[in-house]
Amino acid sequence: MTTNRLTVLSGPAGVGKSTVVAYLREHEPRIWHSVSVTTRAMRPGEVEGGSYHFVDRDQFEAMIAAGAFLEYAEYAGNLYGTPRQPVEEHLAAGDLVLLEIEIQGARQVRQLMPDARLVFLAPPTWEELERRLRGRGTEPPDVIARRLDQARIELAAEAEFDAVILSSSVAEAARQLVALMAP
Ligand code: 5GP
């Protein structure tokens with residue numbers, strides 16, 4: 001199976017990966033988007049099968065045991081994984097496939113599919129990312145401090161990626177990603 005049409009979009013929390021993906025879902029029909037499985041609680045506005053398939057930990061662990069995941073990782077206390085079969089089917093059909101996952105998952109894809117393209121969405125500046133992660137300032141200082149520490153670790157992974165896109169405007173970041181996927 002050829003895996004060079006597989007692109008992984010990763011980057012630190014808060015950088016806007018899911019906004020870029022939402023934009024592409026609306027504007028770029030050539031791309032097939034993997035729907036991840038997660039144990040985290042549904043947020044307001046989310047629907048089953050939209051941004052995620054929502055399962056409990058037992059169901060997720062049964063899927064791990066069955067080899068159902070291409071990659072999976074624990075992130076901020078929840079499990080997230082990419083179902084293997086649909087990705088393999090769409091690659092076999094020659095589709096452009098996009099995964100939006102965190103960095104541990106991106107590393108697993110790198111090991112498994114060395115031809116996959118790993119794209120890092122980077123914040124325009126550290127100050128901008130910090131502002132986004134602090135949010136409305138309603139969370140306790142230890143929660144914020146943990147988020148900022150995690151973001152520093154995530155930013156250090158940039159050098160492992162094949163390409164870096166600066167997250168300035170959503171449309172421009174999306175345009176650059178499409179240019180990488182379908183030159
Ligand atoms: P959120 O809970 O905010 O939707 O996502 C948290 C993090 O999990 C984000 O960085 C997102 O990219 C990542 N993520 C979403 N789905 C997957 C997946 O299937 N695998 C991995 N490794 N990370 C994922």
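Hydrogens, waters and symmetry mates play no part in the numbers below; they use all other heavy atoms, side chains included. In listed order, ligands and their atoms are each counted from 1. Bear in mind the structure is a predicted one, so any value in this text is a computation, not a measurement.
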Donor + acceptor pair across side chains of Q108, Q104 (<3.5 Å): no
If the condition is side-chain hydrogen bond (donor to acceptor under 3.5 Å, both in side chains), which residues does H90 pass it with, not counting sequence neighbours? W32, D95
For ligand 1, list every N/O pair with the protein closer than 3.5 Å, one pair per line with the distance.
from: ligand 1; atom 1: 2 (O); to: R40; atom 2: NE; distance (Å): 2.6
from: ligand 1; atom 1: 2 (O); to: R43; atom 2: NH2; distance (Å): 3.3
from: ligand 1; atom 1: 2 (O); to: Y80; atom 2: OH; distance (Å): 2.5
from: ligand 1; atom 1: 3 (O); to: R43; atom 2: NH1; distance (Å): 3.4
from: ligand 1; atom 1: 3 (O); to: R43; atom 2: NH2; distance (Å): 3.0
from: ligand 1; atom 1: 4 (O); to: R40; atom 2: NH2; distance (Å): 2.9
from: ligand 1; atom 1: 4 (O); to: Y52; atom 2: OH; distance (Å): 2.6
from: ligand 1; atom 1: 5 (O); to: Y52; atom 2: OH; distance (Å): 3.3
from: ligand 1; atom 1: 10 (O); to: K17; atom 2: NZ; distance (Å): 3.1
from: ligand 1; atom 1: 12 (O); to: E100; atom 2: OE2; distance (Å): 2.4
from: ligand 1; atom 1: 16 (N); to: S36; atom 2: OG; distance (Å): 3.1
from: ligand 1; atom 1: 19 (O); to: S36; atom 2: OG; distance (Å): 2.6
from: ligand 1; atom 1: 19 (O); to: E71; atom 2: OE2; distance (Å): 3.3
from: ligand 1; atom 1: 19 (O); to: G81; atom 2: N; distance (Å): 3.4
from: ligand 1; atom 1: 19 (O); to: G81; atom 2: O; distance (Å): 3.1
from: ligand 1; atom 1: 19 (O); to: T82; atom 2: N; distance (Å): 3.4
from: ligand 1; atom 1: 19 (O); to: T82; atom 2: OG1; distance (Å): 3.3
from: ligand 1; atom 1: 20 (N); to: E71; atom 2: OE1; distance (Å): 3.3
from: ligand 1; atom 1: 20 (N); to: E71; atom 2: OE2; distance (Å): 2.7
from: ligand 1; atom 1: 22 (N); to: E71; atom 2: OE1; distance (Å): 2.8
from: ligand 1; atom 1: 22 (N); to: E102; atom 2: OE2; distance (Å): 2.7
from: ligand 1; atom 1: 23 (N); to: E102; atom 2: N; distance (Å): 3.1

Step-by-step side chain to side chain contact (heavy atoms under 4.5 Å, CB included) determination, R40 to F54: CA-CA 7 Å; R40 89 148 157 70; F54 296 91; 3.8 Å; yes
Please confirm whether the backbone N or O of L70 pairs with a side-chain atom of T82, one donor and one acceptor, at under 3.5 Å? no
Short side-chain to backbone donor-acceptor contact, E61 and D58, under 3.5 Å: no
Heavy-atom distance under 4.5 Å between the side chains of I101 and V109, does that happen here? yes
